[in-house]
Amino acid sequence: MHPAIRVEQVAEYENQEVSIRGWVYNRTHKGKLVFLLLRDGYGFVQCVAFKNDVDAELFNQLVHIPQESSIIVTGVIRADKRAPGIPGGYELGITQFQIIQAAADDYPMALKEHGVDFAMDNRHFWIRMPSQWAILRIRAMVISAIREWFDQNGFINLDTPILTPAACEGTTTLFETPYFDEGVAFLAQSGQLYNEANIFAFSKVYAFGPTFRAEKSKTRRHLTEFWMFEPEMAFCDLDELMEVGEQSITYIVKRVLNERAPELASLGRDTSQLDTIEPPFPRISYDEAVEMIGKIRDRTEDPEQKELLNFEWGMDFGSPHETALTEEFNKPVFVYGFPTQVKAFYMEPWQGRPEVSKSVDLLAPEGYGEIIGGSERISDPELLLQRLHEHNLPEDAFKWYLELRRFGSVPHSGFGLGVERTVSWICGINHIRETIPFPRTIKRMYP
RNA sequence: UCCUCGAUAGCUCAAUGGGUAGAGCGAGCGGCUGUUAACCGCUAGGUUCCAGGUUCGAGUCCUGGUCGAGGAGCCA
């Protein structure tokens with residue numbers, strides 16, 4: 001009896017007869033020879049039949065099987081350097097095959113380049129193609145790795161609500177939905193405030209889930225629905241937070257390099273850019289960053305680019321600034337100590353410099369931008385209340401949040417890691433929309 | 001909200017100064033024993049995004065609109 005195997009296991013079954021269940025990704029025939037490129041969800045493998053080796057009816061069926069038909073194919077695995085596939089290098093010599101369903105002959109996704117609009121309209125098919133399949137396999141590995149690292153380092157996963165009351169920051173960038181007699185609920189932009197409650201019961205926690213932003217951002221780095229991984233730690237200052245950031249990011253990169261090498265190779269990713277990722281990451285202050293941007297601007301020839309790099313102390317970075325900064329480093333870089341005025345109300349001020357907050361962003365290399373944003377949180381109840389008022393936030397909505405500071409307040413810190421931006425960077429791809437199975441952007445909700 | 005660009009066969013694109021709308025891929029049929037998005041031959045496949053205008057004649061020029069893309073702003 002031959003075992004049913006997964007394509008990723010082919011190397012273990014060399015010279016054995018096996019079955020593989022999957023779909024016809026491509027078919028090509030050359031007279032008395034037919035090749036099927038079969039995908040089974042775990043990889044892509046070439047299957048071959050010679051006309052003289054199989055019966056005439058079977059050969060005829062193979063020659064005519066439509067792309068995307070679901071089949072079970074049986075045969076002997078053999079090593080062959082000519083065999084394409086992921087991982088490739090092995091092929092199956094067909095002895096039997098069974099058609100589960102012969103696909104219709106008008107499958108829309110021809111094996112060629114497609115425009116953005118067409119590819120996105122056919123996202124439900126696009127994810128079958130090797131590039132998208134590889135990216136999403138890497139996404140899953142990134143998520144597994146994040147959870148592994150935090151689970152192994154004393155964190156507990158406690159997820160936070162998606163439906164939240166009016167609160168946090170202004171409501172202009174929140175999606176709202178009717179909520180029974182309460183009026184409206186808002187889709188969460190962050191689980192942070194609830195995370196802060198959780199640390200006083202569990203010390204180190206993380207939340208992982210979707211977040212929603214109704215911003216009209218239309219760039220390669222933005223989605224309206226994206227996934228964020230948010231750790232929060234009691235008894236933790238900004239330096240310790242950065243250590244957690246660099247260690248967890250390094251772990252993620254190493255896991256992907258080890259476990260998803262064929263996928264990275266199929267994407268054409270230059271992994272030499274990732275091999276060097278090791279702690280410590282460079283840490284530069286906002287003040288130093290402003291100075292660096294000024295120098296970069298001074299040596300920039302292109303007047304348009306020069307204009308984009310205009311900057312003065314007190315502004316928040318735009319994409320051009322982040323990109324210019326990260327090009328100076330070959331590792332992710334921490335920028336810390338942003339001006340209080342551009343950051344959220346809950347960030348702890350710098351000791352002796354109240355105009356600066358204990359905040360930090362981690363910028364990915366190669367122009368991929370901010371992948372982590374975090375801070376040490378205000379632990380003093382009086383200061384927190386004052387900041388709420390300064391930001392014109394409703395005190396009663398934050399009653400529970402303020403109460404946290406009255407019963408066992410401690411220095412604490414946390415950050416949010418954007419999963420899609422991290423996957424974009426690791427995969428080296430151009431647009432964030434390819435890093436999530438069904439992206440939601442300002443212009444698209446289908447499929 | 002602003003700037004720029006685009007829409008022609010199922011897909012990716014071409015079409016001289018305004019003069020019969022084409023190619024490759026995909027699909028169907030046939031040929032070929034090592035293909036890598038194979039190759040070769042044949043066949044089918046069109047409301048040129050929509051509405052109006054100019055003209056003997058509009059894919060092409062003009063006006064308005066729709067949809068999409070890239071970027072900026074925005075992104076606690």
Side-chain angles (χ1 to χ4, degrees), chain A residues 25-37 44-53 59 63-64 66-68 80-86 88-89 91 93 103-122 125-126 129-131 167-174 188-190 192-193 211-224 226 228 266 304-305 307-308 310 315-320 322-323 338 340-347 357 359 361 369-370 373-375 377 387-388 391 393 416 418 421 430-431 433 441-444:
Chain A
Y25 175 68
N26 194 13
R27 181 202 69 216
T28 179
H29 52 97
K30 212 177 142 48
K32 293 173 181 162
L33 178 59
V34 62
F35 300 101
L36 301 184
L37 191 56
F44 290 70
V45 68
Q46 175 163 276
C47 305
V48 192
F50 293 94
K51 192 168 189 174
N52 296 337
D53 297 348
F59 190 82
V63 165
H64 292 278
Q67 183 190 2
E68 293 304 316
D80 191 317
K81 283 179 186 163
R82 294 170 297 186
I86 307 172
E91 65 183 19
D105 65 14
D106 56 350
Y107 183 65
M109 284 228 120
L111 305 183
K112 56 176 296 192
E113 290 296 323
H114 295 288
V116 173
D117 200 26
F118 179 83
M120 294 301 296
D121 281 344
N122 289 279
F125 294 134
W126 193 21
M129 297 187 85
S131 61
C168 299
E169 309 87 35
T171 55
T172 53
T173 61
L174 294 169
Q189 280 190 324
S190 162
Q192 182 203 315
L193 303 189
T211 54
F212 305 88
R213 300 207 176 167
E215 294 153 9
K216 295 195 172 179
S217 299
K218 209 166 98 49
T219 81
R220 68 186 67 197
R221 306 187 216 201
H222 289 89
L223 296 170
T224 56
F226 65 98
M228 194 150 69
S266 80
E304 197 176 328
Q305 182 66 15
E307 175 71 24
L308 284 171
N310 270 341
M315 289 165 60
D316 204 356
F317 297 136
S319 315
E322 286 182 358
T323 302
F338 286 83
T340 305
Q341 57 182 357
V342 300
K343 287 292 182 184
F345 73 92
Y346 48 71
M347 293 188 180
S357 62
S359 49
D361 284 357
E370 180 187 343
S375 67
R377 325 301 193 187
R387 284 291 158 79
L388 270 177
H391 284 78
L393 293 167
R421 286 187 183 176
N430 186 46
H431 201 297
R433 64 182 160 227
T441 65
I442 182 170
K443 291 289 185 183
R444 190 176 293 278

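Note on naming: letters A, B, ... go to the chains in the order of the sequence lines (proteins, then strands), and numbering restarts at 1 for each one.
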With a cut-off of less than 4.0 Å, is there a side-chain N or O of [X] near OP1 or OP2 of [N]?
{"X": "S319(A)", "N": "rA72(B)", "answer": "yes"}
{"X": "R213(A)", "N": "rA76(B)", "answer": "yes"}
{"X": "H431(A)", "N": "rA69(B)", "answer": "no"}

Legend entry - 5'-most by nearest nucleotide on RNA chain B - A83(A) or R221(A):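 In this pair, the answer is A83(A).
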
Inset, instruction - Please figure out whether G85(A) or G115(A) has its closest RNA chain B nucleotide nearer the 5' end. - result: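 The answer here is G115(A).
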
Only counting residues at least two apart or in another chain, list the ones meeting side-chain hydrogen bond (donor to acceptor under 3.5 Å, both in side chains) with [X].
{"X": "R433(A)", "value": "H431(A)"}
{"X": "E91(A)", "value": "Q46(A), R78(A)"}
{"X": "D53(A)", "value": "none"}
{"X": "D316(A)", "value": "none"}

Inset, instruction - Look at the side chain of T219(A) and decide which nucleotide, out of rA72(B), rA76(B), rA69(B), has an atom nearest to it. - result: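 When the side chain of T219(A) is considered, rA72(B) is the closest of rA72(B), rA76(B), rA69(B).
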
Legend entry - Under the side-chain contact (heavy atoms from CB on, under 4.5 Å) test, residues paired with S131(A) that sit two or more places apart: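 Scan of S131(A) (side-chain contact (heavy atoms from CB on, under 4.5 Å), adjacent residues dropped) gives L267(A).
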
Legend entry - Results of side-chain contact (heavy atoms from CB on, under 4.5 Å) for L308(A) - residues two or more places apart only: Q305(A), P320(A)

Across the strands shown, which category fits [X] at heavy-atom distances under 4.0 angstrom: base, sugar-phosphate, nothing?
{"X": "E91(A)", "answer": "base"}
{"X": "N26(A)", "answer": "sugar-phosphate"}
{"X": "K216(A)", "answer": "base"}
{"X": "T28(A)", "answer": "base"}
{"X": "R433(A)", "answer": "sugar-phosphate"}
{"X": "G373(A)", "answer": "nothing"}

Inset, instruction - Inspect the surroundings of NZ in K343(A) and state if more than 12 heavy atoms from other residues, nucleotides or ligands are less than 6.0 Å away. - result: yes

Legend entry - Heavy-atom pair of closest approach, residues S357(A) and M347(A):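 The answer is CB-CB, 4.1 Å.
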
Inset, instruction - List the atom of M129(A), the atom of Y25(A), and the distance in Å for their closest heavy-atom pair. - result: CE-OH, 3.8 Å

Inset, instruction - Apply ring-ring contact (aromatic ring centres under 6.0 Å, His included) to F317(A) and list each qualifying residue two or more places apart in sequence or on a separate chain. - result: Y286(A), F311(A), F338(A)

Legend entry - Residues which pass ring-ring contact (aromatic ring centres under 6.0 Å, His included) with F50(A), listed by chain and number, not counting sequence neighbours: none

Inset, instruction - Spell out yes or no: do the side chain of S217(A) and the base of rC75(B) have one donor N/O and one acceptor N/O closer than 3.5 Å? - result: no

Inset, instruction - Assess whether one donor atom and one acceptor atom, taken from the side chain of H222(A) and the base of rC75(B), lie less than 3.5 Å apart. - result: yes

In whole angstrom, give the distance that lies between atom [atom1] of [X] and atom [atom2] of [N].
{"X": "F125(A)", "N": "rG10(B)", "atom1": "CZ", "atom2": "C1'", "value": "12 Å"}
{"X": "I442(A)", "N": "rA69(B)", "atom1": "CD1", "atom2": "C1'", "value": "13 Å"}
{"X": "F212(A)", "N": "rC75(B)", "atom1": "CZ", "atom2": "C1'", "value": "16 Å"}
{"X": "L37(A)", "N": "rA37(B)", "atom1": "CG", "atom2": "P", "value": "9 Å"}
{"X": "K343(A)", "N": "rC74(B)", "atom1": "NZ", "atom2": "C1'", "value": "14 Å"}
{"X": "M129(A)", "N": "rC11(B)", "atom1": "CE", "atom2": "C1'", "value": "11 Å"}
{"X": "E215(A)", "N": "rA72(B)", "atom1": "CD", "atom2": "P", "value": "14 Å"}
{"X": "M120(A)", "N": "rG70(B)", "atom1": "CE", "atom2": "P", "value": "10 Å"}

Quiz: residues 106-122 of chain A side-chain donor-acceptor pairs under 3.5 angstrom, not counting sequence neighbours:
from    : atom 1 : to      : atom 2 : distance (Å)
H114(A) : NE2    : A110(A) : O      : 2.8
H114(A) : NE2    : K112(A) : O      : 3.3
D117(A) : OD1    : R444(A) : NH2    : 2.7
D121(A) : OD1    : R444(A) : NH1    : 2.7
N122(A) : ND2    : F118(A) : O      : 3.0

Span that lies between the [atom1] atom of [M] and that of [N], in whole angstrom:
{"N": "rC3(B)", "M": "rG64(B)", "atom1": "P", "answer": "14 Å"}
{"N": "rC56(B)", "M": "rA14(B)", "atom1": "P", "answer": "31 Å"}
{"N": "rG59(B)", "M": "rG18(B)", "atom1": "P", "answer": "13 Å"}
{"N": "rG31(B)", "M": "rU35(B)", "atom1": "C1'", "answer": "16 Å"}
{"N": "rG26(B)", "M": "rU43(B)", "atom1": "C1'", "answer": "14 Å"}
{"N": "rC62(B)", "M": "rG6(B)", "atom1": "P", "answer": "12 Å"}
{"N": "rG57(B)", "M": "rU66(B)", "atom1": "P", "answer": "29 Å"}
{"N": "rU1(B)", "M": "rC74(B)", "atom1": "C1'", "answer": "10 Å"}

Below 3.5 Å between N/O atoms, which protein atoms pair up with nucleotides 2-4 of chain B? Just atom names and distances, please.
none

Legend entry - Sole candidate of Q189(A), R213(A), E215(A) that passes side-chain hydrogen bond (donor to acceptor under 3.5 Å, both in side chains) when paired with T173(A):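 The single option meeting the side-chain hydrogen bond (donor to acceptor under 3.5 Å, both in side chains) with T173(A) is Q189(A).
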
Inset, instruction - Would you indicate whether the side-chain heavy atoms of F226(A) and T211(A) approach each other to under 4.5 Å? - result: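 A side-chain contact under 4.5 Å exists here.
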
Please tabulate the protein-to-nucleotide N/O contacts below 3.5 Å involving nucleotides 26-33 of chain B, giving atom names and distances.
from    : atom 1 : to     : atom 2 : distance (Å)
rC32(B) : N3     : G31(A) : N      : 3.1
rC32(B) : N4     : H29(A) : ND1    : 3.0
rC32(B) : N4     : G31(A) : N      : 3.2
rU33(B) : OP2    : K32(A) : N      : 3.1
rU33(B) : O4     : N52(A) : ND2    : 3.2

Inset, instruction - Quick one: stems involving RNA chain B, counted as three or more successive Watson-Crick or G-U pairs, both distances short of 3.5 Å. - result: B:1-7 with B:66-72, B:10-13 with B:22-25, B:27-31 with B:39-43, B:49-53 with B:61-65

